[in-house]
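These notes concern the structure reproduced below.
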Amino acid sequence: MTLVVKNLQKVVNFNIGLLENHVMLLRRLMDITSFDLAIVCYDNKSIHKLNKTYRGVDESTDVLAFPFIEVFKPGVLPFIKDPEERILGDIVLGIPYIKENLGENEKLEEVLPVMVTHGICHLIGYDHEDEVQWKQMYQKELNILQKFNNQTGYYCKPLLGVGHFIQ
């Protein structure tokens with residue numbers, strides 16, 4: 001199904017084609033290619049506004065996920081007969097925010113797949129509001145990113161950490 005990747009920010013230059021290729025690989029690894037997905041790259045002001053409007057958090061962030069379908073069990077997508085209705089949702093990336101928060105020796109192009117993986121996990125029903133959810137989501141991200149790393153030679157690790165459930 002359709003994948004749309006749009007860069008609506010002009011603050012940070014990056015390889016949008018590489019991001020699109022990485023997202024296509026992640027979709028295959030997560031077996032969600034039969035669902036439409038949109039990835040939108042925003043500046044800090046735009047993602048700040050979305051974060052405040054939809055989460056009540058008055059600050060910029062790295063990734064937001066807006067699911068189109070309701071998932072009752074994490075990782076188990078409902079059967080949707082009509083292909084036109086198979087819309088997973090939208091992921092919004094705060095590109096400048098992500099770049100500003102890169103760790104030492106981290107490259108933006110290698111961190112973006114982690115952000116997308118995290119966003120997709122939210123779209124397919126995973127969350128990290130408590131320890132049980134955190135462990136489930138961490139394992140899912142770890143599993144997918146290990147497969148991604150095997151195919152790309154990257155060393156991506158799950159996003160879950162600062163700002164998420166911590167014991």
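Model, not experiment: these values are computed from the prediction. The figures here come from the full heavy-atom set of this structure, side chains too, leaving out hydrogens, waters and symmetry mates.
- Interatomic distance, H22 NE2 to M115 CE, rounded to the nearest 0.5 Å: 14.5 Å.
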Pairs under 3.5 angstrom only: tabulate donor-acceptor contacts from the side chains of residues 25-39 to other protein residues two or more places apart or in another chain.
from: R27; atom 1: NH2; to: T33; atom 2: O; distance (Å): 3.3
from: R27; atom 1: NH2; to: F35; atom 2: O; distance (Å): 2.6
from: D36; atom 1: OD1; to: T2; atom 2: N; distance (Å): 2.9

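- With sequence neighbours excluded, the residues satisfying side-chain hydrogen bond (donor to acceptor under 3.5 Å, both in side chains) with D58 are H48.
- Sorted by first and then second residue, the pairs that involve residues 50-94 and meet ring-ring contact (aromatic ring centres under 6.0 Å, His included), not counting sequence neighbours, are Y54-F66.
- Side-chain contact between P158 and L145 is present, with at least one heavy-atom pair separated by less than 4.5 Å.
- Within the 4.5 Å cutoff, side-chain heavy atoms of L159 are placed close to those of V63.
- Counting only distance, with no hydrogens or angles, the side chain of Q9 and the backbone of V12 share a donor-acceptor pair below 3.5 Å.
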Using the side-chain contact (heavy atoms from CB on, under 4.5 Å) rule, take K49 and K52 through it: C-alpha gap first, then chi angles, then the decisive distance, then the call. CA-CA 5 Å; K49 185 175 180 180; K52 185 174 182 182; 5.9 Å; no
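- In this structure Q136 satisfies the side-chain hydrogen bond (donor to acceptor under 3.5 Å, both in side chains) test with no other residue, sequence neighbours excluded.
- The closest side-chain heavy-atom distance from H122 to M137 is below 4.5 Å.
- I16 and C41 get closest at one heavy-atom pair: CD1-SG, 4.4 Å.
- A distance of 10.0 Å separates CD in E20 from NZ in K6, rounded to the nearest 0.5 Å.
- Distance CD/Q146 to OH/Y155: 9.5 Å, rounded to 0.5 Å.
- Remark: E141 engages H118 in a side-chain hydrogen bond (donor to acceptor under 3.5 Å, both in side chains) (not counting sequence neighbours).
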Please set out all donor-acceptor pairs under 3.5 angstrom arising from side-chain atoms of residues 83-93, sequence neighbours excluded.
from: R86; atom 1: NE; to: I80; atom 2: O; distance (Å): 2.8
from: R86; atom 1: NH2; to: I80; atom 2: O; distance (Å): 3.2
from: R86; atom 1: NH2; to: K81; atom 2: O; distance (Å): 3.1

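- Connection of F148 to L18 is established within a shared hydrophobic cluster, with ILVMFWY side chains joined at heavy-atom distances below 4.5 Å, either directly or through further cluster members.
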Identify each donor-acceptor pair in which a side-chain atom of residues 94-103 lies under 3.5 Å from a protein atom, sequence neighbours left out, and give them as a table.
from: E100; atom 1: OE2; to: N44; atom 2: ND2; distance (Å): 3.2
from: N101; atom 1: ND2; to: Y97; atom 2: O; distance (Å): 2.7

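- Taken together through direct or relayed side-chain contacts under 4.5 Å among Ile, Leu, Val, Met, Phe, Trp and Tyr, V11 and L112 form part of one hydrophobic cluster.
- The two atoms that bring K73 and V71 nearest to each other are O-CG1, 3.1 Å, heavy atoms only.
- Closest non-hydrogen pair, G119 versus A65, comes out as O-CB, 3.6 Å.
- Y138 is connected to L123 through a chain of hydrophobic side-chain contacts under 4.5 Å among Ile, Leu, Val, Met, Phe, Trp and Tyr, so both are in one cluster.
- Atom CD of E110 sits about 10.5 Å away from atom CG of N105, to the nearest 0.5 Å.
- With rounding to the nearest 0.5 angstrom, the OG1 atom of T117 is 14.5 Å from the NZ atom of K157.
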L3/M24 under side-chain contact (heavy atoms from CB on, under 4.5 Å): CA gap, chis, key distance, verdict: CA-CA 8 Å; L3 169 64; M24 287 190 292; 3.5 Å; yes
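- Residues satisfying the ring-ring contact (aromatic ring centres under 6.0 Å, His included) criterion with Y126, sequence neighbours excluded, are absent altogether.
- Distance CG/D127 to SG/C121: 10.5 Å, rounded to 0.5 Å.
- Looking at every heavy atom in both residues, V40 comes nearest to Y42 through CG1-CE1, 3.4 Å.
- Residues forming a side-chain hydrogen bond (donor to acceptor under 3.5 Å, both in side chains) with N15 (at least two apart in sequence, or on another chain): none.
- In this structure, the side chain of N51 does not engage the main chain of I47 through any donor-acceptor pair within 3.5 Å.
- Clustering ILVMFWY residues whenever any of their side-chain heavy atoms sit less than 4.5 angstrom apart, transitively, puts V23 in a cluster other than the one holding V4.
- Two different hydrophobic clusters hold I69 and L64 under the rule that ILVMFWY side chains link at heavy-atom gaps under 4.5 Å.
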